[in-house]
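Remember, it's 1-based here, ligands and their atoms both numbered in the order they're listed.
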Amino acid sequence: ISNITRPKGYNVSFHYQPEMEKHHFGQTHPMKPWRLTLTKSLVMSYGMNFAMDNYTPRAATYEELRDFHTQDYLDFLATVAPEPVPRDLDNHNPDLKFNLGGSDCPLFEGLFDYCSMSGGVSLDAARKICNKESDIAIAWGGGLHHAKKSEASGFCYINDIVLAILQLLRHHPRVLYIDIDVHHGDGVEEAFFSTDRVMTCSFHKYDPLNFFPGTGGLDDNGPKNEHNPGAHHAINVPLNDGITDEQYAWLFQSVIGKIVEKFRPTAICLQCGADSLAGDRIGRFNLQVQGHGACVEYVKGLGLPMIIFGGGGYTPRNVARAWAYETAVAIGCQGRIDPVIPQHTVWREHFRQESLLPSLEQIVGEPRQNRNTQKRLQDVIQHVHEQLRFVNQ
Ligand code: TV7
Ligand code: CA
Ligand code: ZN
């Protein structure tokens, strides 16, 4: 524990709201806010909390949520009663108001508190970046990228990322949003479709008919009409099952490197959805903790102020591994932490089946067959580079 020291020359802040994890989407629902508890306790057991500024943010206010969401949606969200027995199987109910109450976005006890806390965590991170008290702000409770201004979608009700970016835009001329969740970051992309001050870039599994949300093809770069300054400011990197660390790192660096060169952001938001890890209950990729964390390392190396958000991640042990490792990357101590998970009570209680020496970096779960050819990835990079020819800051 004593070998973890504060980073020299920059500040890392950790924004955490312990009330969030007490909420439940339902017994069989894949989203487990409890993974935040596991992450936090892993971070603490390594002593990383001593190397960061720790904040317990207040919930976002109704007015703050109104910066993006509509009044009628928020009013409904704030007053709907939870269902006595949450529906689990079919989402198919055309009567759902604002897409609320189906199996993906169930109504549960304390839903509005949970949403406003997630918003509060990300807004707090954005404020610390704006007033320069923090250089890297970590918000694992945020990252809910599917929420629309007037609609819930894919386990997301309030788009905390959009709220945080809107806050950053008060002080920063250009913000780059990067999304490594296995799903397309459609809500954030759509929110900034008509501005050239935000560029969005999502890497995701793409299969329009069989994988949620079905959007984010290579050619989807924002509405292309001559009066839209936001045209060409949405970059999508559609992928197939089983992509590996090596392929992903190469793709990530050549795409993000080029974007940064052309767009010249003054701040970066990185959504670190951990469902792109191997062994995820919903995801299809083969990323290891190192490959996922290498994205955080690369972005950190650009030396711009940044917010790191959570997002998806449905195998809680792996989520906690990746996010604890990435917290270490932010601090710059990833080379000094013991790969053997410390004497850790929560871990022991829940994962008895894991060996006596559980490793931080060793993911649980079978790898998938890699369906990404080198040729296809080349073409993707080529397309992105061509797209960026239209962008000149
Ligand atoms: C950011 N995939 C969110 C990702 C949102 C994905 C979906 C489920 C799912 C829901 C469940 C459940 C599930 C094992 C998986 C078309 C459908 C098919 C529901 C069964 N088990 C993020 C949203 C995605 C709910 N939705 O990016 C209750 O999988 O594919 C769909 C839609 C209709 C609804 N059915 C799935 O990671 C945070 N849902 C078990 C219980
Ligand atoms: Ca993504
Ligand atoms: Zn996801």
Side-chain angles (χ1 to χ4, degrees), residues 20 23-33 35-36 83 85-94 96 99-108 114-115 118 122 139-148 151-162 177-190 200-218 220 234-239 243 248 251-252 255-256 269-277 279-285 287 292 295 309-316 318-319 322-323 380:
M20 265 190 89
H23 294 84
H24 300 277
F25 281 64
Q27 271 281 305
T28 58
H29 197 287
M31 179 56 100
K32 309 283 183 204
R35 69 214 169 112
L36 298 169
E83 289 172 291
V85 182
R87 232 178 312 243
D88 256 14
L89 282 170
D90 69 309
N91 208 28
H92 222 78
N93 184 350
L96 295 179
N99 197 30
L100 286 166
S103 50
D104 273 354
C105 302
L107 301 172
F108 54 82
Y114 167 84
C115 295
S118 167
S122 299
W140 293 130
L144 305 176
H145 59 178
H146 297 304
K148 309 289 161 21
E151 195 183 292
S153 171
F155 319 163
C156 306
Y157 305 80
I158 288 291
N159 203 315
D160 61 286
I161 306 171
V162 171
Y177 172 68
I178 307 170
D179 185 315
I180 63 170
D181 189 289
V182 75
H183 298 97
H184 177 219
D186 56 351
V188 184
E189 180 184 276
E190 187 185 297
T200 61
C201 177
S202 175
F203 298 76
H204 45 266
K205 151 91 183 157
Y206 180 64
D207 183 350
L209 298 179
N210 300 305
F211 197 73
F212 186 87
T215 49
L218 197 51
D220 299 338
I235 301 293
N236 283 301
V237 183
L239 301 165
I243 193 166
Y248 202 89
L251 198 62
F252 187 85
V255 167
I256 300 302
C269 289
L270 177 59
Q271 196 267 20
C272 290
D275 48 5
S276 42
L277 294 169
D280 190 77
R281 182 173 158 198
I282 295 183
R284 313 282 187 89
F285 291 170
L287 297 188
H292 202 267
C295 300
F309 302 92
Y314 305 102
T315 302
N318 293 343
V319 177
W323 290 353
V380 169

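- Of the listed residues (Phe211, Phe25, Tyr314), the one carrying the non-hydrogen atom nearest atom 22 (C) of ligand 1 is Tyr314.
- With sequence neighbours excluded, the residues forming a side chain to side chain contact (heavy atoms under 4.5 Å, CB included) with Ala234 are Glu189, Phe193, Thr200, listed by chain and number.
- Checked by distance only, ligand 1 and Arg281 stay at 3.5 Å or farther apart across all their nitrogen or oxygen atoms.
- Separation of the Phe309 and Tyr177 ring centroids does not fall under the 6.0 Å cut-off.
- Not a single side chain to side chain donor-acceptor pair (under 3.5 Å) links Ser118 to another residue, sequence neighbours left out.
- Looking at Gly214, Pro30, Cys105, Gly26 and measuring to atom 14 (C) of ligand 1, the nearest heavy atom belongs to Pro30.
- The ring of Phe211 has its center no closer than 6.0 angstrom to the ring center of His204.
- At a cut-off of 2.8 Å, His145 does not coordinate the Zn ion (ligand 3) through any N, O or S atom.
- Looking only at its N/O/S atoms, Asp181 has OD1 as the one nearest to the Zn ion (ligand 3).
- Closest to the Ca ion (ligand 2) among the N, O or S atoms of Asp179 is OD1.
- Note that CG of Leu100 and SG of Cys105 are 7.0 Å apart. Values are rounded to the nearest 0.5 Å.
- With a cut-off of 3.0 Å, the Ca ion (ligand 2) has no N, O or S atom of Gln271 in range.
- Each of the atoms 38 (C) of ligand 1 lies under 4.0 Å from some heavy atom of Met31.
- Just one residue in the list Thr215, Asn236, Asp179 forms a side-chain contact (heavy atoms from CB on, under 4.5 Å) with Asp186, and that residue is Thr215.
- Near His29, meaning under 4.0 Å from any of its heavy atoms, are these atoms of ligand 1: 25 (C), 28 (C), 41 (C).
- Outside the 6.0 Å centre-distance limit, the rings of Phe203 and Phe285 are not counted as a close aromatic pair.
- Contacts of His183 with ligand 1, taken as heavy-atom pairs under 4.0 Å, involve the side chain alone.
- Taking the Zn ion (ligand 3) as reference, Asp275 places its N/O/S atom OD2 nearest.
- Each of the following atoms of ligand 1 lies closer than 4.0 Å to a heavy atom of Ser103: 19 (C), 25 (C), 28 (C), 34 (C).
- Residue His145 approaches ligand 1 through these ligand atoms, each under 4.0 Å from one of its heavy atoms: 1 (C), 22 (C), 27 (O).
- For His183, the N, O or S atom with the smallest separation from the Zn ion (ligand 3) is ND1.
- Screening Leu144, Asp181, Ile178 for a side-chain contact (heavy atoms from CB on, under 4.5 Å) with Gln271, the sole residue that qualifies is Asp181.
- Checked by distance only, ligand 1 and His146 come closer than 3.5 Å through their nitrogen or oxygen atoms.
- For the Ca ion (ligand 2), the nearest N, O or S atom contributed by Asp181 is named O.
- For ligand 1, the atoms lying closer than 4.0 Å to a non-hydrogen atom of Gly312 are 1 (C), 37 (O), 38 (C).
- In this structure, His184 has its ring center at least 6.0 angstrom away from the ring center of Phe212.
- Note on Phe203: counted as a metal contact of the Ca ion (ligand 2), an N/O/S atom lying under 3.0 Å.
- Angle OG (Ser202) to the Ca ion (ligand 2) to O (His183): 90°, rounded to 10°.
- The closest non-hydrogen atom to atom 24 (C) of ligand 1, taken over Asp104, Asp275, Asp179, Thr28, comes from Asp104.
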